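Working notes for the structure below.
Reckoned from all heavy atoms, side chains included, excluding hydrogens, waters and symmetry mates. On a predicted model such as this, the values are computed, not experimentally measured, just so you know.
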Amino acid sequence: MSRPFDKIPKHERPREKLLARGAKALSDQELLAILIGKGTPGMDVMTLAGKLVKVVDEKGLELHSDDLLQFDGVGDAKATLILAAIEFARRRIKPEGTKIETPADILPLIRHYADRKQEHFISTSINGANEVMNIRVVSIGLVDRTSVHPREVFADALIDRASGLIVAHNHPAGSLVPSVWTLRSQNNSRRLEMLWA
């Protein structure tokens, strides 16, 4: 949602939308806007939420208060609210520990990236029992591609001491046909899989 908050019709604003259609109808940006409540005199709540979503995506479960406090309009109260909400949800949903037996098993954990306007390359570290350890955004690109270096793809998985890695990316342009970039990336990844093993 790129419109300033005061230009959004009341029935489409995050709180009203949640009450009318449920939390699943909201984007991550809208959910975060509800949590932070208001923006600053120079930045409306939706713009601030959009900036914060990028950091939350990149850091995953490794998000810390310093990551949030760097933004104007985010003080201790908003940072602790966001961190508490993430931890509260993590304790109940716990993506880490979720067993992955088929490719479809990862979809509920990353589905929320589908509404992003830019392509996101996502890595999921898994342990020897095929259980999720962590999910992170490796890179954010354009509407039809994102640049990914193997160093970034494998760095977090190595830190996690993962036994395996699942990678995925969204298609903001809507096409389900793999692009030339996707096919090249898959070929490079297959070569790197041999090094991992």
State, yes or no, whether a side-chain contact exists between Leu81 and Ile36 at a heavy-atom distance under 4.5 Å. no
Nearest non-hydrogen partners of [X] and [Y], listed with the distance:
X	Y	value
Ala162	Ser125	CB-CB, 3.8 Å
Ala49	Ala33	CB-N, 3.7 Å
Gly73	Thr40	CA-CG2, 3.1 Å
Ile110	Ala168	CD1-CB, 3.7 Å
Ala79	Leu69	CB-CD2, 3.9 Å
Leu48	Gly39	CD2-CA, 4.4 Å

Please walk me through it: do Glu30 and Met46 pass side chain to side chain contact (heavy atoms under 4.5 Å, CB included)? CA-CA 7 Å; Glu30 292 169 319; Met46 292 304 293; 3.8 Å; yes
Let me confirm one number: the [atom1]-[atom2] distance from [X] to [Y], rounded to the nearest 0.5 Å.
X	Y	atom1	atom2	result
Lys54	Gln118	NZ	CD	5.5 Å
Ile34	Glu16	CD1	CD	8.5 Å
Asn130	Lys99	CG	NZ	5.5 Å
Ser65	Ile82	OG	CD1	11.0 Å
Lys7	Arg13	NZ	CZ	10.5 Å

So which pairs with a foot in residues 64-84 pass salt bridge (Lys or Arg N to Asp or Glu O under 4.0 Å), sequence neighbours left out?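 Sorted result for residues 64-84: Lys59-Asp67.
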Could you note down all residue pairs passing salt bridge (Lys or Arg N to Asp or Glu O under 4.0 Å) where residues 146-163 supplies at least one of them, sequence neighbours left out?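 Of all non-adjacent pairs touching residues 146-163, those that pass salt bridge (Lys or Arg N to Asp or Glu O under 4.0 Å) are Arg136-Asp156, Arg136-Asp160.
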Any link between Leu31 and Val53 through a network of hydrophobic side chains (Ile, Leu, Val, Met, Phe, Trp, Tyr) touching at under 4.5 Å? no
Starting from Leu26, can I reach Ile8 by hopping between I/L/V/M/F/W/Y residues whose side chains sit under 4.5 Å apart?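 No; tracing contacts between hydrophobic side chains, which count when under 4.5 Å, never links both residues.
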Would you mind telling me which of Ile122, Ile135, Val132, Ile126 makes a side-chain contact (heavy atoms from CB on, under 4.5 Å) with Ile166?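 So, applying the side-chain contact (heavy atoms from CB on, under 4.5 Å) to Ile166 and each of Ile122, Ile135, Val132, Ile126, only Ile126 qualifies.
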Name the atoms and distances for all side-chain donor-acceptor pairs under 3.5 Å in residues 102-109, with sequence neighbours left out.
from: Thr102; atom 1: OG1; to: Ala104; atom 2: N; distance (Å): 3.4
from: Thr102; atom 1: OG1; to: Asp105; atom 2: OD1; distance (Å): 3.4
from: Asp105; atom 1: OD2; to: Glu101; atom 2: N; distance (Å): 2.7
from: Asp105; atom 1: OD2; to: Thr102; atom 2: N; distance (Å): 2.9

Qualifying residues under side-chain contact (heavy atoms from CB on, under 4.5 Å), relative to [X], sequence neighbours excluded:
X	answer
Ala85	Leu35
Gln70	Val55
Arg21	Lys17, Ala25

Just do the side chain to side chain contact (heavy atoms under 4.5 Å, CB included) check on Ile86 and Val56 with the steps written out, would you? CA-CA 10 Å; Ile86 290 170; Val56 173; 4.2 Å; yes
Which of parallel (below 30°), tilted (30 to 60°) and perpendicular (above 60°) describes His169 and Phe121?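 Taking Phe121 first and then His169, their aromatic rings lie parallel (interplane angle under 30°).
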Worked verdict on Leu68 versus Leu52 for side chain to side chain contact (heavy atoms under 4.5 Å, CB included): CA-CA 7 Å; Leu68 301 170; Leu52 292 172; 3.9 Å; yes
